**Student:** 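Okay, handing you the structure first.
For ligands, and for the atoms within them, numbers begin at 1 and follow the listed sequence. Only a predicted model underlies this, so the values are computations on that prediction, with no experimental measurement involved.
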Amino acid sequence: MKVFDIAVIGAGAAGMMCAAVAGQSGRRVVLVDHASRLAEKIRISGGGRCNFTNLHAGPANYLSANPHFCRSALARYTPRDFLALLKRYRVSWHEKHKGQLFCDQSSDAVIDVLKNECEAGQVSWRRPLEVSQVRRREGAGFILDTPSGPIEARALVIATGGLSIPKIGATDFAFRVARQFGHKLVDTRPALVPLTFAASDWAPFAALAGVSMEVQMATGKGRNGAEFIEDLLFTHRGLSGPGVLQISSYWQPGEPVQVNLLPERDAVQALLEAKTSVRRNLANLLAEWLPGRVADTWLATHGVPAQARVADLPDKTLRHIGAALSCWSLTPNGTEGYRKAEVTRGGVDTRELSSTTMMSARVPGLYFIGEAVDVTGWLGGYNFQWAWASGVAAGEAAAEYTRSLSSTN
Ligand code: FDA
């Protein structure tokens, strides 16, 4: 039976990049995936235009129990490297917001680049194909049991991603393999996900569904906290939008999130100044600063007399309202879960992986890359940059590792 140098399981962002790099360095690579459609997450990403990287990607944009782990791979394969790859295929892009780069055409352009890179490396495809079991091979290497017979390889890269969006093929395969080989997992949970509230708490705000506005959002404290100025979107069940998705990755169940509805101004100061210069009532004044319906609902739910003239309200009341507008504290009852989460937080514990090669410290020749490992990026192209960078690191390292095995055998 043909023995491959490297088997990669998972033909998504990280797996295709890894297979292409290893194949192009002359190794015999097989790429296995159970899904009938190739790289579905790339296809649906960025609203169909794939926010494929972020110009500012660096370790500070990632959450992990081991925050320095991602540093080496990200430094060795940067957003500029991915841009150079796209340029070779004449794929054009544009910057949307805060360094986020999107394809001008569609996400398919990125999938085609990766497919072509795999072809250039003569990667053998096996898909759709289920892997029922992974075993270690006598001596060195691995055997993958599949319905069309075993696949043997000297090195194995697990690139099956996280748990988000099971409908398009996400599974816990990586975590099962990690456990099988004695690896620890960092607790997983949905991230970059809308937040939900108890129906009774949310009833007054449900009618705001569809309204969006820029806010400052914060949650947690110190190293475990975060703050973002981004858009918030009201939904029937809670909050979504980029600011909320960012905060959701840091949010701990039972904890509140703080929303500053007026991030552009000192709300207390602005209300006190308005008292001397404005003859309007509170609702009309706030409607100049916020979407009118949000102002009305917020005032009603805070027991503030919306029709009161600003000039008639005592300074103490205005200070109180200003402070509440800049720190609206809300406690979600949960999230929309993996069904809607863009990524999975947690995963294979990186403290048992090499940060330069992604190889297991427990099992020589076994690698974990991409979203399966405990490295979770912010919203905005950071997760793909991690997939590319960890894929390249493992592709180069697995090629080197299997070359060294060949020279000693
Ligand atoms: P990925 O999920 O891409 O690939 C895993 C592969 O493994 C899949 O092909 C799957 O079929 C396969 N697989 C799973 N289980 C298997 C098994 N048991 N056997 C065989 N194969 C198996 N990020 C970003 O940077 N910019 C963006 O614009 C977006 N947008 C976005 C939108 C939406 C709706 C989602 C859900 C996610 C995003 N993301 C994103 C996140 C990004 O898609 C994600 O982080 C990367 O795709 C992760 O790449 P991986 O290769 O690790 O997993």
Side-chain angles (χ1 to χ4, degrees), residues 7-19 30-54 57 61-62 79 82 93 96-97 99-103 106-107 110-111 114 125-134 144-147 151 157-177 190-194 240 242 245 249 336-345 347-348 358 367-391 394:
V8 180
I9 310 183
M16 280 206 281
M17 182 58 109
C18 176
V30 61
L31 181 50
V32 186
D33 199 296
H34 70 160
S36 48
R37 296 192 67 179
L38 181 63
E40 196 58 8
K41 268 196 196 160
I42 300 181
R43 195 185 312 280
I44 63 172
S45 67
R49 293 239 165 140
C50 188
N51 175 195
F52 56 79
T53 193
N54 192 296
N61 307 113
Y62 295 85
F82 195 73
W93 63 83
K96 249 196 184 164
H97 175 62
Q100 300 170 3
L101 301 187
F102 289 74
C103 292
S106 77
S107 309
V110 172
I111 301 174
L114 294 167
W125 297 87
R126 298 283 188 281
R127 67 178 193 93
L129 184 64
E130 292 283 343
V131 177
S132 55
Q133 199 192 174
V134 173
L144 319 183
D145 289 320
T146 81
I151 297 173
V157 183
I158 305 294
T160 51
L163 302 170
S164 32
I165 325 275
K167 197 172 71 182
I168 57 167
T171 68
D172 65 351
F173 185 85
F175 307 146
R176 280 187 272 133
V177 173
L192 299 181
V193 62
S240 186
L245 300 188
S249 297
E336 291 284 2
Y338 289 118
R339 200 173 50 89
K340 290 266 178 84
E342 287 204 5
V343 290
T344 300
R345 193 179 162 177
V348 179
M358 307 291 134
Y367 300 76
F368 292 91
I369 58 174
E371 202 184 310
V373 307
D374 172 35
V375 174
T376 307
W378 287 2
L379 184 80
Y382 301 99
N383 284 296
F384 280 134
Q385 187 57 36
W386 170 247
W388 317 138
S390 59

**Student:** Below 3.5 angstrom, do we get any N/O pair linking Glu130 and ligand 1?
**Tutor:**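 No, since none of the N or O atoms of Glu130 sits under 3.5 Å from an N or O of ligand 1.
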
**Student:** If we only count N/O pairs under 3.5 Å, is Asp33 in contact with ligand 1?
**Tutor:**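 Min N/O separation from ligand 1 is below 3.5 Å for Asp33.
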
**Student:** Does ligand 1 have an atom under 4.0 Å from some heavy atom of Ala39?
**Tutor:**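 No; Ala39 lies far enough from ligand 1 that no heavy-atom distance drops under 4.0 Å.
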
**Student:** With a cutoff of 4.0 Å, is Val131 in contact with ligand 1, counting heavy atoms of the residue only?
**Tutor:**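 Checking ligand 1 against Val131, which is what was asked, there is no heavy-atom contact under 4.0 Å.
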
**Student:** Quick one: are Phe175 and Val348 in side-chain contact, heavy atoms under 4.5 Å?
**Tutor:**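 A side-chain contact under 4.5 Å exists here.
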
**Student:** What atoms of ligand 1 come within less than 4.0 Å of a heavy atom belonging to Gly46?
**Tutor:**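 So the atoms of ligand 1 that pass are 28 (O), 30 (N).
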
**Student:** Does the ring centre of Trp388 sit less than 6.0 Å away from the ring centre of Phe384?
**Tutor:**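 Ring centres of Trp388 and Phe384 closer than 6.0 Å.
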
**Student:** Any idea which of Ser45, Ala13, Pro128, Ala14 brings a heavy atom closest to atom 29 (C) of ligand 1?
**Tutor:**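 Selected option, by shortest heavy-atom distance: Ser45.
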
**Student:** Heavy atoms only, cut-off 4.0 Å: how does Ile165 contact ligand 1, side chain, backbone, both, or neither?
**Tutor:**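 Only the side chain of Ile165 comes within reach of ligand 1.
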
**Student:** Among protein heavy atoms, which sits nearest to atom 26 (N) of ligand 1, and what does the distance come to when rounded to 0.1 Å?
**Tutor:**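 Of every protein heavy atom, Asn51 O, 2.8 Å lies nearest to atom 26 (N) of ligand 1.
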
**Student:** Do the side chains of Phe173 and Glu130 get nearer than 4.5 Å, heavy atoms only?
**Tutor:**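 No; the side chains remain at least 4.5 Å from each other.
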
**Student:** What I want to know is whether Thr171 and ligand 1 share at least one N or O pair that is separated by under 3.5 angstrom.
**Tutor:**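 Between Thr171 and ligand 1, an N or O pair is found under 3.5 Å apart.
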
**Student:** So Tyr367 and Val373, do their side chains get closer than 4.5 Å, heavy atoms only?
**Tutor:**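 No. Closest side-chain heavy atoms not under 4.5 Å.
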
**Student:** Which heavy atom of the protein is the closest neighbour of atom 45 (O) of ligand 1, given with residue, atom name and distance?
**Tutor:**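 Nearest protein contact, heavy atoms only, for atom 45 (O) of ligand 1 is Glu371 OE1, 2.8 Å.
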
**Student:** So which bit of Ile168 gets within less than 4.0 Å of ligand 1, heavy atoms only: side chain, backbone, both or neither?
**Tutor:**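 Contact part for Ile168 vs ligand 1: neither.
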
**Student:** Side chain or backbone, does Arg176 bring an N or O within less than 3.5 Å of an N or O on ligand 1?
**Tutor:**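 No - when backbone and side-chain N and O of Arg176 are compared with those of ligand 1, no distance drops under 3.5 Å.
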
**Student:** Would you say the side chain of Ile369 lies within less than 4.5 Å of the side chain of Val157, judging by non-hydrogen atoms?
**Tutor:**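 Heavy-atom side-chain distance check passes, below 4.5 Å.
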
**Student:** Measuring from the heavy atoms of Ser164, does anything fall under 4.0 Å of ligand 1?
**Tutor:**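 Judged by the 4.0 Å heavy-atom criterion, Ser164 does not count as contacting ligand 1.
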
**Student:** Side chain or backbone, does Phe384 bring an N or O within less than 3.5 Å of an N or O on ligand 1?
**Tutor:**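 Yes, there is a polar N/O contact under 3.5 Å.
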
**Student:** With respect to Ala35, determine whether any N or O atom, backbone or side chain, lies less than 3.5 Å from an N or O atom of ligand 1.
**Tutor:**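 There is no such contact.
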
